[in-house]
2 protein chains.
Amino acid sequence: MTVKQEKILQSALQLFALEGYHATSTSKVAKQAGVSEGLIFKHYTSKEGLLNAVVEEGEKRFKNLYAEIVLEDKPRQVIKKTLELPFIVPEEEYGFWKLQFKLKWELKDYNTQKMQPMMFALSNAFKNLEYDNPELEAELVLHILDGVASAILKDMVTDKEELRNFILTKYKL
Amino acid sequence: MTVKQEKILQSALQLFALEGYHATSTSKVAKQAGVSEGLIFKHYTSKEGLLNAVVEEGEKRFKNLYAEIVLEDKPRQVIKKTLELPFIVPEEEYGFWKLQFKLKWELKDYNTQKMQPMMFALSNAFKNLEYDNPELEAELVLHILDGVASAILKDMVTDKEELRNFILTKYKL
DNA sequence: TATATTTGTAAGTGATTACTCACTAATATG
DNA sequence: CATATTAGTGAGTAATCACTTACAAATATA
């Protein structure tokens, strides 16, 4: 990957996350990256191809964050790590994280199955802890995760550490 | 309001909710509404003006749904009605409801203060019930509300009634 | 009924869109 | 060193964008 390719991906991520995919033109990306617009299409074929590359790169960086949850074997730790997820995402990744939420609502077919492995890990955890309804417990945890993450990204959470402790205490974790 | 104006608002809502604001052109709205494109600008000045009209109309229809929560005086009922909100929104309003979520992520400055009155009602309710941390309890309920609503709109909830009962039972409501 | 106002259209406008193409500069490989 | 491949540019393209304008039809008001 050349330095100009990196610049393109970085600018695209920033603009897509800030303004949205449809509201960002390829010419804007090129200008911010300091390259000719044609280069974007040489490397990524289309605007959609550029988006895919941006998402792929971001997912690579996010992978280990999810892995830590899915590979955890102690059931209480699975739940704890899931609920802590929004609080341990490094701030330099907020751009990509925000993009995920944006795309979920902006694109008709954006992969909604991404949470499947976490759902599986969670319902197994609740099953091992002998909860009455492990599937619904898992579902609710994922909804909380979604709501909390959304609020953090929208800058509606003033004290993250306080909220984190509150949630963990409530779940006795 | 003429019949053509109603047709415009209806088509705009449908397209904005389905494809998003930026991805929907005024010519598309005009075509679906069966009017000339110029008429949109005669009535609503700009594309943004059209969006505002669509949102205003929708909020009129949603108003009583929120009012029932904010005007409720029994604290347990405030919490119950809040958590039940995603389950009692009539399906014919899913379009406008979806638009609200879309705009929250698509527009930079979309009103994030809409939940303020509900936040106030909730923290008061938890205060009356002598919870240790009423503000954080209220905040968490709103995050759950957000996560659950999001999942319903994304068609990720198979059995709504089951989830509703589960949540209410968990909160002993 | 005369006229002012509103409703509506059709055909434009310049700007911007995603994308292409002919071409050069740099780099890799034999 | 020769040449094939890749990186990169700049000036295009047709299509579409939000929006305007000149004008006609319908409706309200006097």
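Here the structure is a predicted model, which is why all the values come from computation and not from measurement. In what follows, chains are A, B, ... by sequence order, proteins preceding strands, each numbered from 1.
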For the pair made of [atom1] in [X] and [atom2] in [N], what is the distance, rounded to whole Å?
{"X": "A:L39", "N": "C:dC19", "atom1": "CG", "atom2": "P", "answer": "15 Å"}
{"X": "B:E37", "N": "C:dT13", "atom1": "CD", "atom2": "P", "answer": "15 Å"}
{"X": "A:F41", "N": "D:dG10", "atom1": "CZ", "atom2": "C1'", "answer": "14 Å"}
{"X": "A:Q5", "N": "D:dT6", "atom1": "CD", "atom2": "P", "answer": "12 Å"}
{"X": "B:L50", "N": "D:dC17", "atom1": "CG", "atom2": "C1'", "answer": "15 Å"}
{"X": "B:Y44", "N": "C:dT6", "atom1": "OH", "atom2": "C1'", "answer": "14 Å"}
{"X": "B:I40", "N": "D:dA18", "atom1": "CD1", "atom2": "P", "answer": "9 Å"}
{"X": "B:E6", "N": "C:dT7", "atom1": "CD", "atom2": "P", "answer": "13 Å"}

Can you figure out which of [options] approaches the side chain of [X] most closely?
{"X": "A:S36", "options": "D:dG8, C:dT20, D:dA18", "result": "D:dG8"}
{"X": "B:K47", "options": "D:dA7, C:dT7, D:dA18", "result": "D:dA18"}
{"X": "B:K42", "options": "D:dA7, C:dA18, D:dA22", "result": "D:dA22"}
{"X": "A:T26", "options": "D:dA18, D:dG8, C:dA18", "result": "C:dA18"}

- Task: Considering non-hydrogen atoms only, spot the tightest contact between A:L153 and A:W97 and give its length.
- Result: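 That closest heavy-atom pairing would be CD2-CE3, 3.4 Å.
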
Side-chain N,O ([X]) to OP1/OP2 ([N]) below 4.0 Å:
{"X": "B:H22", "N": "D:dC17", "result": "no"}
{"X": "B:S27", "N": "D:dA18", "result": "no"}
{"X": "B:H43", "N": "C:dG8", "result": "yes"}
{"X": "B:S25", "N": "D:dC17", "result": "yes"}

- Task: Is it possible for you to check whether B:K154 lies under 6.0 Å from the centre of the six-membered ring of A:Y110, through NZ or CZ, and within 45° of that ring's axis?
- Result: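 No cation-pi geometry.
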
- So, are A:E72 and A:K80 salt-bridged, with charged N and O less than 4.0 Å apart?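 A salt bridge is absent here (no side-chain N lies under 4.0 Å from a carboxylate O).
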
- Message: Any salt bridge linking A:R61 with A:E92? Criterion: basic side-chain nitrogen under 4.0 Å from a carboxylate oxygen.
- Response: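 Result for this pair is no, no salt bridge flagged.
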
- Less than 4.5 Å apart, any side-chain heavy atom of A:K170 and any of B:N133?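 SC-SC contact between A:K170 and B:N133 ruled out.
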
- Query: Which residue, A:G38 or A:A23, contacts DNA chain C at a nucleotide closer to its 5' end, judged by nearest heavy atom?
  - Reply: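 That would be A:A23.
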
- Message: Within the 4.0 Å heavy-atom criterion, would you say A:K4 contacts the bases, only the backbone, or no part of the nucleic acid?
- Response: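 Answer is sugar-phosphate: A:K4 comes under 4.0 Å of backbone atoms only.
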
